[in-house]
Amino acid sequence: MSDVVEKTLTALPGLFDSQTGAARITNRLRQLIKSITELTSKHDEENLIKQELSAMKEQVSSPNTTMKQMREVMVRAMYCEMLGYDASFTYIHAIKLAQQGGVLEKRVGYLAVSLFLSEGHELLLLLVNTVLKDLQSTNLIEACMALTVVAQVFPKDMIPAVLPLVEDKLSHPKEIIRRKAVLALYKFHLIAPTQVQHIHGKFRKALCDKDPGVMTSSLHIYLQLITESPDGYKDLTGSLVTILKQVVGGKLPVEFDYHSVPAPWLQIQLLRILSLLGREDPSTSELMYDVLDESLRRAEMNHNITYAILYECVKAVYTIHPKAELLEKAARCIGNFVLSPKINLKYLGLKALTYVVQHDARLALQHQMTIIECLDHADYTIKRETLELLFRITNAQNVTVIVEKMLDFLHGCNDEHTIIHLVCSG
């Protein structure tokens with residue numbers, strides 16, 4: 001049995017309480033998963049799931065089915081749906097579980113709703129009053145569950161009903177509630193930006209929240225807002241630079257680290273935002289030169305996540321108003337990527353060159369022969385990225401050599417899509 005299946009089976013008891021009967025319920029789901037993973041054909045799987053769904057349909061229709069049993073049925077139904085089978089007869093019971101059950105039942109009911117129903121599903125109307133009640137609950141778990149389902153499946157026409165309550169949660173004393181409220185508002189901004197325009201000032205408050213998780217959540221909103229209109233948020237540059245300095249300096253709690261790298265995904269998010277703010281703006285770019293230099297220096301090439309940080313840092317250096325010293329360091333970093341024997345690093349180097357060639361074609365030309373040699377690489381993704389890069393760096397001086405190499409590549413290429421793409425691009 002695979003490690004993934006083993007981990008899944010180990011985690012199942014967490015969905016149930018420790019009262020009498022929990023072992024039996026968990027074992028039934030465990031047995032279903034184990035039986036499916038041991039089957040050798042799709043036909044056998046279909047027959048097993050058909051029997052399972054038939055048994056579940058009979059159980060949910062029985063007036064004697066308890067809430068605990070309904071909870072167990074719902075988890076099995078979720079598993080069947082995740083395998084691609086229709087368990088739509090359980091959808092209404094997921095709603096009822098969220099409406100009528102205790103905390104454990106609500107947890108499974110809300111989870112099932114978020115997996116079963118898409119935005120705009122007609123059954124969501126039945127959940128609005130329950131969500132409103134749970135958003136006002138003093139029970140932390142109930143409020144968290146309501147915020148989660150709001151952020152995942154609520155359609156835009158239901159936003160006005162819950163927006164005041166979600167907005168109020170930005171001032172909640174518990175950081176997990178504030179964090180989930182920010183993520184819900186981010187979803188609202190994506191699907192109905194005009195409905196949350198009046199609370200942009202509160203987004204700034206979330207950015208300065210004392211809890212790093214709340215601050216991190218707010219960056220999703222700001223990346224979207226700054227992508228749409230960078231000029232309106234130039235005044236945040238200093239704050240964002242300060243945050244990045246604190247992150248790079250290891251000032252965040254250790255639980256934000258990944259393989260001893262300080263909050264890498266937060267670093268990546270901040271680098272993307274800063275690159276947008278500094279584009280074609282010398283004064284704004286000047287504020288971030290030092291922290292970009294520090295990021296390049298600290299992100300040592302010893303793990304995949306640091307490679308990702310370096311890649312975003314290089315992109316930022318070439319996007320903002322240029323500084324010679326930073327460009328030189330970024331170029332050296334790209335060179336190390338391209339020359340690396342590791343496939344992931346070589347691919348990152350080619351991707352970075354493809355991005356920066358529009359800013360500095362000379363950098364790619366420095367590695368011209370190394371790039372051409374990548375056409376002979378065994379990895380298909382390396383070849384594909386090399387073709388894209390060669391197309392971009394071709395000029396009057398190197399056109400003959402590059403075209404000859406491309407023709408040699410075409411003669412040995414068996415992939416029809418690649419051939420068509422290469423010939424049409426040329």
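What you see is a predicted model; the values in this text were computed from it and never measured.
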For this session: Give a yes or no on whether the backbone of V261 and the side-chain of H259 come within a donor-acceptor separation of less than 3.5 Å.
Result: no

Problem set entry | Residue pair E385 / T354, side-chain donor-acceptor N/O under 3.5 Å | yes

For this session: Taking S114 for its side chain and V149 for its backbone only, find out whether a donor-acceptor pair lies under 3.5 Å.
Result: no

For this session: Anything under 30° is parallel, anything over 60° is perpendicular, the rest tilted; go ahead and classify Y186 against H220.
Result: tilted

Exercise. Are the aromatic ring centres of H200 and F203 under 6.0 angstrom apart?
Worked result: yes

Problem set entry | Distance-only polar pair, side chains of S137 and N139, donor-acceptor under 3.5 Å | no

Exercise. If we only count heavy atoms from C-beta on, is the I36 to I49 side-chain gap below 4.5 Å?
Worked result: yes

Exercise. Is any side-chain heavy atom of T242 closer than 4.5 Å to a side-chain heavy atom of V291?
Worked result: no

For this session: For H198, look at atom NE2 and say whether over 12 heavy atoms of other residues, nucleotides or ligands are found less than 6.0 Å away.
Result: yes

Exercise. Got L296 and L326 here, is their nearest side-chain heavy-atom distance under 4.5 Å?
Worked result: yes

Exercise. So does D134 pair up with K106, basic N to acidic O under 4.0 Å?
Worked result: yes

For this session: Quickly, which of V248, T216, L271, L244 forms a side chain to side chain contact (heavy atoms under 4.5 Å, CB included) with L266? Name it, please.
Result: T216

For this session: From the options I320, L287, L240, T319, select the one residue that forms a side chain to side chain contact (heavy atoms under 4.5 Å, CB included) with L277.
Result: L240

Exercise. Hey, does R204 have a side-chain heavy atom less than 4.5 Å from the side chain of S239?
Worked result: no

Exercise. Do I305 and W265 come close enough that some side-chain heavy atom pair is under 4.5 Å?
Worked result: yes

Exercise. Is a salt bridge present between D211 and R178, judged by a nitrogen-to-oxygen distance below 4.0 Å?
Worked result: no

Exercise. Should we say atom CD of E228 is surrounded by more than 12 heavy atoms from elsewhere, each under 6.0 Å from it?
Worked result: yes

Exercise. Taking 4.0 angstrom as the limit, do E388 and R384 come out as a salt bridge?
Worked result: no

For this session: Count the heavy atoms of every other residue, nucleotide or ligand shown that sit under 6.0 Å from NZ of K323, and state whether that count exceeds 12.
Result: yes

Exercise. Would you call E325-K329 a salt bridge at under 4.0 Å N-O?
Worked result: no

For this session: Report yes if some heavy atom in the side chain of M158 is under 4.5 Å from a heavy atom in the side chain of P155; otherwise report no.
Result: yes

For this session: Please confirm whether the backbone N or O of L126 pairs with a side-chain atom of Q99, one donor and one acceptor, at under 3.5 Å?
Result: yes

For this session: Using atom types as modelled and distance alone, determine if a side-chain donor or acceptor of S340 lies under 3.5 Å from a backbone N or O of N336.
Result: no

Exercise. Without hydrogens or angle criteria, can the side chains of D231 and S229 be said to hold a donor-acceptor pair below 3.5 Å?
Worked result: no

For this session: From the options M78, E81, M74, select the one residue that forms a side chain to side chain contact (heavy atoms under 4.5 Å, CB included) with L115.
Result: M78

For this session: Taking Q136 for its side chain and L132 for its backbone only, find out whether a donor-acceptor pair lies under 3.5 Å.
Result: yes

For this session: State, yes or no, whether a side-chain contact exists between L123 and L127 at a heavy-atom distance under 4.5 Å.
Result: no

Exercise. K251 versus F256: any side-chain heavy-atom pair under 4.5 Å?
Worked result: no

Problem set entry | Salt-bridge criterion met for R179 and E175 (N-O under 4.0 Å) | no

Exercise. Between Y85 and E45, do the side chains contain an N or O donor and an N or O acceptor separated by less than 3.5 Å?
Worked result: yes

Exercise. Hey, is E328 close enough to R332 for a salt bridge, meaning N to O under 4.0 Å?
Worked result: yes

